[in-house]
Trainee: 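This is the structure, below, for whatever I ask next.
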Amino acid sequence: MDQGWRQLRAVLCCLLLSFVTPQIPGKSRHGAVKAEDTFKTSPFHLDLWFYFTLQNWVLDFGRPIAMIILPLEWFPLNKPSAGDYFHMAYNVITPFLLLKLIERSPKTLPRSMVYVSIITFVMGASIHLVGDSVNHRLIFSGYQHHLSVRENPIIRNLKPETLIDSFELLYYYDEYLGHSMWYLVTEGQIFILYIFTFFAMMALVMHQRRKGLVLDSNGLFLFYSFIITLLLIALWVGWLWNDKILRKKYPGVIYIPEPWAFYTLHMSNLHAKGAPEF
C-alpha cells in the first residue's frame, strides 16, 4: 500500500510538472516568446475540470445525503442504497476522467506509474465501497459513527466477542485502507498523505520556477485546489475544535473529524424514516 501512495503522489507531481511551461517574458530556449503565446499552446481543460468538480460534489459529497433523504422503503437494508449506486458511478467516472486528463497532458508520463496509480485507485475505491456501504447501513440499526466500534451500543454486547473484531476489521478496510488508496484529504487518517503530496507539489513548483518555468492554467487550477482544500480543512477543524465527544474519538495531534461522525452526532434528526433517535 505504501508503494501505491508513492505512485499516486508521483503521478500528481508529474501531472503538475506536465503543465509547466516556459514563461520568461521576451526570452526562451529558442528565442523570444510572449507569455500569452505560451498559454495559447496549453488550453485550459474546462470540460474535464468541470466534470471532475460536478461528479465529486454530486456522487461523492452527495451520496450520504441521498442515502439519508430517500425513503428507506426504496432501498431495503439488504440491498444497495442510493449512496452505493452513487459510489459505483464515482468509481468508474473518476479514473476515466483522470486518464483523459493525463492524455491531454503536454508531456508524456511514465506508463507504468500511471497504470499502478489507476489500479491502486480502483482497488481502494472498491474496498471502500463495500466497507462504506455496510457501515452506513448500520446507522439504521442504531450505529453511531461518532463513537468507536467497541463503544457502540449495538456492537459492544455482541456474542461471541470475536464478532466485534470482525466489525473492527470492516471499519479498518473502510476508513483506513480504502480511504488511503483513493482519497487525498478531508479526514484525519489520510491527512498525512494529502499534506505530503501538497508539500511535494509545492517543492516541485518552486524548483521549476528557479529554472524560469511556471505553471499553465491547468497546473495553477490543480495547485490552487490543494491550497483551497487546506483552508477548508482549517475551517472545519476550527469549527469542531472544542467538541469533547469528537475529541474523544479522534485523540492525538491530527484532529480532523469525519463528516459521518458529525452527521450522527449533531444531525440525527435528518435521518430517514426508520432511523433511530440518538
Trainee: Mind checking whether Phe86 and Ser81 have side chains closer than 4.5 Å, heavy atoms only?
Mentor: no
Trainee: Do Val114 and Leu98 come close enough that some side-chain heavy atom pair is under 4.5 Å?
Mentor: no
Trainee: Is Asn152 reaching over with its side chain to a backbone N or O of Ile154, donor-acceptor style, under 3.5 angstrom?
Mentor: no
Trainee: Go through Leu220 and Val214 one step at a time and tell me if the side-chain contact (heavy atoms from CB on, under 4.5 Å) criterion holds.
Mentor: CA-CA 9 Å; Leu220 287 173; Val214 296; over 6 Å; no
Trainee: At what distance, to the nearest 0.5 angstrom, does CZ of Phe75 lie from CZ of Arg137?
Mentor: 8.5 Å
Trainee: Working to the nearest 0.5 angstrom, can you tell me the gap between Phe198 CZ and Phe223 CZ?
Mentor: 5.0 Å
Trainee: In terms of the angle between their ring planes, are Tyr90 and His87 parallel, tilted or perpendicular, with boundaries placed at 30° and 60°?
Mentor: perpendicular
Trainee: Are the side chain of Gln208 and the backbone of Val205 linked by a donor-acceptor contact shorter than 3.5 Å?
Mentor: no
Trainee: Passes side-chain contact (heavy atoms from CB on, under 4.5 Å), Phe167 versus Leu138? Steps please.
Mentor: CA-CA 11 Å; Phe167 276 99; Leu138 286 174; 3.8 Å; yes
Trainee: Supply the atom-to-atom distance Asp84 CG to Asp132 CG, rounded to the nearest 0.5 angstrom.
Mentor: 8.0 Å
Trainee: How close do Pro95 and Phe121 get, heavy atom to heavy atom, and via which atoms?
Mentor: CD-CE2, 3.4 Å
Trainee: Does Asn91 reach the main-chain N or O of Ala125 with its side chain, forming a donor-acceptor pair under 3.5 Å?
Mentor: yes
Trainee: Is any side-chain heavy atom of Leu158 less than 4.5 Å from a side-chain heavy atom of Arg150?
Mentor: no
Trainee: Give a yes or no answer on whether the side chain of Ser133 reaches the backbone of Leu129 with a donor-acceptor pair at less than 3.5 Å.
Mentor: no
Trainee: For the pair Asp243 and Lys248, find out whether any cationic side-chain nitrogen is under 4.0 Å from an anionic carboxylate oxygen.
Mentor: no
Trainee: Check the angle between the aromatic planes of Phe44 and Trp49 and answer parallel, tilted or perpendicular using the 30° and 60° thresholds.
Mentor: parallel
Trainee: Less than 4.5 Å apart, side chain to side chain, heavy atoms only: is that true for Met113 and Arg111?
Mentor: no
Trainee: Would you say Ile256 and Tyr250 make side-chain contact, with heavy atoms under 4.5 Å?
Mentor: no
Trainee: Within a strict 4.5 Å, meaning less than it, do heavy atoms of the Tyr224 and Ile227 side chains meet?
Mentor: yes
Trainee: Surrounding CG of Leu99 (heavy atoms of other residues, nucleotides or ligands, distance under 6.0 Å), is the total greater than 12?
Mentor: yes
Trainee: Without swapping roles, check the side chain of Trp241 against the backbone of Tyr255 for a donor-acceptor pair under 3.5 Å.
Mentor: no
Trainee: So do Phe50 and His45 actually touch side chain to side chain, heavy atoms under 4.5 Å?
Mentor: no
Trainee: Using a strict 4.0 Å threshold on nitrogen-to-oxygen distance, state whether Arg104 and Asp47 make a salt bridge.
Mentor: yes
Trainee: Are any non-hydrogen side-chain atoms of Leu163 and Lys159 less than 4.5 angstrom apart?
Mentor: no
